[in-house]
Amino acid sequence: MMSGISVNELYKTYKGSEEPTLKGLTFRFGEGRIAGLLGPNGAGKTTTISILCGIVRGDSGEVTIHGLKQNAAHREEIKQLIGIVPQQIALYPQLSAVENLTYFGNLYGFKGKALQQKIMQYLELFGLEKSAHKEIHKYSGGMKRRANIIAAILHDPKLLVLDEPTAGVDVQSRSMILQFLRNYNQKGASILYTSHLLEEAQSLCEEVVIMDAGKMIVQGNPLTLIAAHPGCDNLEDVFLHFTGNALRD
Amino acid sequence: MLRLLATIRKEWQLLLRDKTGLILLFVMPVVLITVMALIQDAPFKDYQDIKFDILTVDNDHGRLGRYIKDGLASGGQFNIIDTLDGKPVTAERAKELVHDGTYKISIIVPAGATAAIVSNANRIVNDITHRMGMSVSLPVKKNGDSLNVTVYFDPAAKKAFKGAIHQALDNFLTQVETDMLLDRIKQQLRNKDSIAAGNDTLPIRLQAVGLKEHSTGTAKQLDVVSNSVQHNVPAWSIFAMFFIVIPIAGNMIREREDGSLLRMKLIPGSYLAILAGKMLFFVGICVLQFYGMMLVGTYILPLLDLPKLVMGQHPGATLLVASGIGLAATAYGILIGTLFKTPNQALNFGAISIVILSAIGGIWIPLEVMPAKMQLLGHLSPLSWGLDAINDIYLRNGDISYVWKNVLRLVLTGLAMLAIAGWVEKRRLN
């Protein structure tokens, strides 16, 4: 049984689109790692994450998460394993953090005092305890991002998937979020992370996949990749080396 | 069950914070039904309920003029006005006042009208007695011109109104002529038979077959007529219930845009339970709206001098219909929220489509007064199914056996809309 995340020969063309979004994408991340899925706009990162989570179905190919094939038979089990932090703040702006987290906690089947205790612990951990009852639309960008992460980890997922979790946040919030991810990973959870902030990815990820036009271009440890490519001083140089300087839509 | 209850609580929390939505759902409909019931009160009233002033010029001063004036006044729907500023109304003045819209109708009884009727009756009696071999001859006017009772109508008067007045006057003329004729016949028979002359009780009945109104139902009858309140309160309540489409569609689109829909779908367990919670909540709101508006019709509108709403004798059937309407409206909101990408698109389409469905569905004016083709089209509107069912309960004292077909139509349409929404959402993801 293959642990971690395995994507093999994955193809996907959306209805009405002539160009495939994924063209035989293949990569593998081991369990318990912090992995980065990097690529320019339109590379297919969001589609890949959507297929991993079971929201979108691939046309062909195989996806395995912690030994479970992503198909109708295992979709619910995989949902229990995964926590996703979407790029949008997927919370109700008119509700407070506590109301949002109570609702999503209830959907996971948690209730009562145990759920409230857990919510308060996380709010404290993320520095939101004083704003626990404030409506989300009154939060700053950084506070919203932190609340967004809490909603994804209420069920203690073994795999946390984050799509640009630090986009548009201040330095303090970013530092806090990255430290949390390291700590969460140390408890044994796998983390799959996408970002356009390559410096951040370089410092956080043990392994990255750089993809473009629906295919994997290169995979490896960021420092190893930098060393393997003469003239590249950091992950951004490696990224540009493989994806080029042409502007993307 | 936890998912369902949590979703109901979440929707409740969201609604409580949406002040505009609350006003749209609960305050606007109350204003709407009140305004509509008030402005449509007069057109809905029967002629008996409205009193018209009739300028009457009696140049005859005989039996016909008296008959017409007494007959019109006895019905209770006309005020007979034959003097203005203490002076008798003249034909010219009456014509002017009707033409400029001060009065709706004027009736001019010409001089010699009664004499003309008497003369005509005498002519008929003379003819009959002559054929019977009798030699009696009653006085008859020679070369009498034909006379007409002249009626002036306000140019803005409706055709139906004119027709009703014509018919009433025609009846009075016929009645006077018949009375005169019978009078003359009786007189001749008395002259012929001197024995009967002392106590003439000749029974002549002209109306052997009369008219009597009976109710159609077999159950306990309601003393209800279709009036402004009986039509407008249920009709505009259904219209307002369908306006729940706007908050639902906005809610669906926002959930999709901000990613909370995605988060819900990523959580293990069926999304159907969440959808069911959402449906139950909004159907509940619709039912609440419905009964809120019925309370306005029952207790508030009578304070404004309008009739009291009568809700029939089958509350269970009413609840069933209200729930059916709520389900169809909620499903329509979910469909619109799924089909459109922005709240603006959904708002425009949702609002206009409801206005169209309500117009053809008999909400604005009853289907019965629409052209035949529009009536056929109107019967395809879910709003008309709801209104038909409510009318069955309120006006025909119907129970569930009367309304189940329309409720089934509403429920099936709701389920079909949900199925389409599900199919569209699935296609969108892939």
Side-chain angles (χ1 to χ4, degrees), chain A residues 12-17 21 46-47 49-59 74-96 98-100 102-112 115 135-137 144 148 151-152 154-155 157 161 163, chain B residues 1-24 247-248 250-278 280-281 337 341-343 422-430:
Chain A
K12 174 69 187 173
T13 304
Y14 285 101
K15 278 174 190 162
S17 168
T21 305
T46 304
T47 300
I49 288 177
S50 300
I51 294 173
L52 284 173
C53 299
I55 301 165
V56 173
R57 284 167 206 181
D59 298 336
H74 297 122
R75 197 158 288 133
E76 292 299 299
E77 272 181 273
I78 290 175
K79 279 183 183 176
Q80 193 63 47
L81 288 176
I82 298 180
I84 186 161
V85 182
Q87 197 174 345
Q88 308 113 297
I89 307 301
L91 298 168
Y92 292 97
Q94 306 95 319
L95 301 186
S96 70
V98 169
E99 286 166 339
N100 266 292
T102 303
Y103 175 58
F104 290 114
N106 286 158
L107 295 190
Y108 276 112
F110 305 123
K111 59 181 177 179
L115 174 63
E135 290 167 22
I136 293 289
H137 69 89
K144 285 178 186 169
N148 204 28
L154 283 172
H155 63 301
V161 180
D163 195 0
Chain B
M1 185 54 92
L2 181 60
R3 293 163 79 85
L4 188 135
L5 294 176
T7 303
I8 291 174
R9 187 178 57 194
K10 181 259 297 180
E11 294 297 346
W12 177 245
Q13 289 168 335
L14 286 172
L15 183 68
L16 284 184
R17 286 180 175 84
D18 182 7
K19 301 284 181 285
T20 317
L22 279 173
I23 290 172
L24 182 74
I248 295 176
N251 174 306
M252 298 287 294
I253 293 170
R254 275 194 300 277
E255 279 185 348
R256 200 168 60 233
E257 280 178 343
D258 67 23
S260 40
L261 177 67
L262 178 73
R263 193 187 288 287
M264 284 185 263
K265 287 187 172 175
L266 283 167
I267 296 173
S270 170
Y271 178 69
L272 279 180
I274 296 172
L275 194 64
K278 205 181 264 289
L280 265 177
F281 174 77
K341 287 179 182 167
T342 69
W423 180 74
V424 170
E425 183 62 24
K426 207 171 179 181
R427 261 179 76 89
R428 177 179 285 128
L429 283 173
N430 284 288

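Numbered from 1 within each chain, the chains take letters A, B, ... in sequence-line order. Keep in mind that what you see is a predicted model, and the values were worked out from it rather than measured.
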>> Using side chain to side chain contact (heavy atoms under 4.5 Å, CB included), reason through Leu115(A) and Tyr108(A) one step at a time and then give a plain yes or no.
In response: CA-CA 10 Å; Leu115(A) 174 63; Tyr108(A) 276 112; over 6 Å; no
>> Evaluate Arg254(B) against Gln94(A) for side chain to side chain contact (heavy atoms under 4.5 Å, CB included), listing each step before the verdict.
In response: CA-CA 11 Å; Arg254(B) 275 194 300 277; Gln94(A) 306 95 319; 4.1 Å; yes
>> Please evaluate residues Gln88(A) and Glu257(B) with respect to the criterion side chain to side chain contact (heavy atoms under 4.5 Å, CB included), reporting the C-alpha separation (whole Å), side-chain torsions for both, the decisive distance (0.1 Å), and the verdict.
In response: CA-CA 8 Å; Gln88(A) 308 113 297; Glu257(B) 280 178 343; over 6 Å; no
>> Run Glu425(B) and Met252(B) through side chain to side chain contact (heavy atoms under 4.5 Å, CB included) and show every step you take.
In response: CA-CA 11 Å; Glu425(B) 183 62 24; Met252(B) 298 287 294; over 6 Å; no
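Heavy atoms closer than 4.5 Å to chain B are found nowhere in Asn100(A), neither backbone nor side chain. Looking at Ile274(B), only its side chain comes within 4.5 Å of chain A, counting heavy atoms on both sides. For Ile89(A), the part lying near chain B is the backbone, with the side chain staying farther off; criterion is any non-hydrogen pair under 4.5 Å. In this structure, chain B has no heavy atom under 4.5 Å from any part of Glu77(A). Interface residue Glu255(B): only side-chain heavy atoms are found under 4.5 Å from chain A. Using a 4.5 Å cut-off between heavy atoms, Arg3(B) contacts chain A through both its backbone and its side chain.
Note that NZ of Lys278(B) is 13.5 Å distant from CG of Leu272(B), once rounded to the nearest 0.5 Å. Here the CD1 atom belonging to Ile49(A) is positioned 9.5 Å from the CD1 atom belonging to Ile55(A), to the nearest 0.5 angstrom. In this structure, CE in Met264(B) is found 8.0 Å from CD1 in Ile267(B), a value given to the nearest 0.5 Å.
Chain B forms more heavy-atom pairs under 4.5 Å with one residue of Ile82(A), Leu91(A), Thr47(A) than with any other, namely Leu91(A).
A salt bridge links Lys79(A) with Glu76(A): at least one charged nitrogen is closer than 4.0 Å to a carboxylate oxygen.
Within residues 5-14 of chain B, the residues having any heavy atom less than 4.5 Å from a heavy atom of chain A are, in residue-number order, Ala6(B), Thr7(B), Arg9(B), Lys10(B), Gln13(B), Leu14(B).
Side chain of Asn148(A) to main chain of Pro86(A): a donor-acceptor pair is present (N/O by atom type, distance under 3.5 Å, no hydrogens or angles).
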